[in-house]
Protein chains: 2
Amino acid sequence: MLQTTIEMDKAAMILKLLGDKTRLTMVKILDNHDCCVCEFVEIFKTSQPSISQHLRKLRDVGLVREERRGQWIFYSINKTSDYYAFMQQILQQLPDQDHKLKELEENGTRITCC
Amino acid sequence: MLQTTIEMDKAAMILKLLGDKTRLTMVKILDNHDCCVCEFVEIFKTSQPSISQHLRKLRDVGLVREERRGQWIFYSINKTSDYYAFMQQILQQLPDQDHKLKELEENGTRITCC
DNA sequence: TTACTATATAATAATTTACTTATATGTACA
DNA sequence: TGTACATATAAGTAAATTATTATATAGTAA
């Protein structure tokens, strides 16, 4: 079976992007659920601009997509990305992060939009 | 089959380390061959301190080991690292870098030690 | 309209990273 | 010994990254 590969430059760039705990957790969560920005703000207990900037980096290289739904903007994994398979191999090795969303629901802090 | 996972912090740290083209290429090469520092200096056409500093970062987290052989210090992949399996999944997806060593041999610039 | 909510962007400041230059350490060999 | 070679470390600097604060944009609803 032929193993698909990715150029070294591209690989290093993707790894650097994922080499940040916030962004890595974001894509791990997005791998199971679309999320809007406000959820990430709650989950990471950090400022909205900071979240937006992380999401922008992921979007700029095409790892995630954004989609407006009314007032909110939802992010999702871009399964057509050239780097999707590469990223998946990494995400598969990470522990599930669904508990982070569950906590929001239980606290009632999960925003009405979602 | 149970999928082994790695903590998010640790994963992000390893990805950040590998998210540098020089270090990523280093570990990809080391995955097939032990190398001494002088080879890397030739391959990457950069200064010896710069190479030493990259190797130190890889060594500090235990991804590679160093071993003195006479005048030279050889680096190798540390297969007993907690992060070995995680890294392997990534390295498998990268194109072979053996041509870099071959070029050294052909140019006669591959150092006598190696 | 106006006010409010969600998000993005810009500008700045703080931190981190990577490279350079200089120096130290350790081995080999005359 | 002393000198040369291989490598590591330290210190300084430049560049890149991240977070913060302030502001802009876009939708929604009164």
Does Tyr75(A) make a side-chain N or O approach to OP1 or OP2 of dA8(C) shorter than 4.0 Å? yes
Expressed as a whole number of angstroms, how long is the span from Phe44(A):CZ to dA19(D):C1'? 15 Å
Polar-atom pairs under 3.5 Å, protein N or O versus N or O of nucleotides 26-30 of chain C: list them with distances, or write none.
none

Taking CG from Asp60(B) and P from dA8(D), how many angstroms apart are they, rounded to a whole number? 12 Å
Close side-chain approach of Cys35(A) and Leu30(A), heavy atoms under 4.5 Å: yes
Contact check, side chains of Phe74(A) and Glu66(A), non-hydrogen atoms, under 4.5 Å: no
May I have the distance from Leu58(A) (atom CG) to dA8(C) (atom P), rounded to whole angstrom? 12 Å
Sequence-distant partners of Asp9(B), salt bridge (charged side-chain N to carboxylate O under 4.0 Å, His left out), two or more places apart: Lys21(A)
Write out all pairs satisfying salt bridge (charged side-chain N to carboxylate O under 4.0 Å, His left out) with one or both partners inside residues 79-100 of chain A, taking only residues at least two apart or from two chains. none
Under the salt bridge (charged side-chain N to carboxylate O under 4.0 Å, His left out) rule, collect the residues that match up with Arg69(A), sequence neighbours excluded. Asp34(A), Glu67(A)
Expressed as a whole number of angstroms, how long is the span from Leu17(B):CG to dT17(C):C1'? 12 Å
Would you indicate whether the side-chain heavy atoms of Pro95(B) and Glu7(A) approach each other to under 4.5 Å? no
Applying salt bridge (charged side-chain N to carboxylate O under 4.0 Å, His left out), can you list everything that pairs with Lys16(B), at least two apart in sequence or on another chain? none
Once you apply a heavy-atom cut-off of 4.0 Å, does Phe40(B) come out as touching a base, just sugar-phosphate, or nothing? nothing
Once you round it to whole Å, what is the distance between C1' of dT18(D) and CG of Leu18(A)? 17 Å
Checking only heavy atoms, does the side chain of Gln48(B) share a donor-acceptor pair with the base of dA8(D) at less than 3.5 Å? yes
Heavy atoms from C-beta onward define the side chain here; which of dA6(C), dT9(D), dT7(D) lies closest to that of Arg56(B)? dT9(D)
Between Leu55(B) (CG) and dA6(D) (C1'), how many Å, whole number? 13 Å
Tell me the interatomic distance from Lys21(A), atom NZ, to dT18(D), atom P, rounded to whole angstroms. 15 Å
From CA spacing to verdict: side-chain hydrogen bond (donor to acceptor under 3.5 Å, both in side chains), Gln88(A), Asp31(A): CA-CA 9 Å; Gln88(A) 280 304 313; Asp31(A) 202 30; 2.9 Å; yes
Check the distance between dA6(D)'s P and Phe74(B)'s CZ and give it to me in whole angstrom. 12 Å
Can you find a pair of side-chain heavy atoms, one from Leu24(B) and one from Leu15(A), that are under 4.5 Å apart? yes
Which pairs, protein N/O on one side and nucleotides 18-21 of chain C N/O on the other, fall under 3.5 Å?
residue, atom, partner, partner atom, Å
dA18(C), OP1, Asp20(B), OD2, 3.3
dA18(C), OP1, Arg23(B), NH2, 3.2
dA18(C), OP2, Arg23(B), NH1, 3.3
dA18(C), OP2, Lys57(B), NZ, 2.5
dC19(C), OP2, Ser50(B), OG, 3.1
dC19(C), OP2, His54(B), NE2, 2.7
dT20(C), OP2, Ser47(B), OG, 3.3
dT20(C), O4, Gln53(B), NE2, 3.0

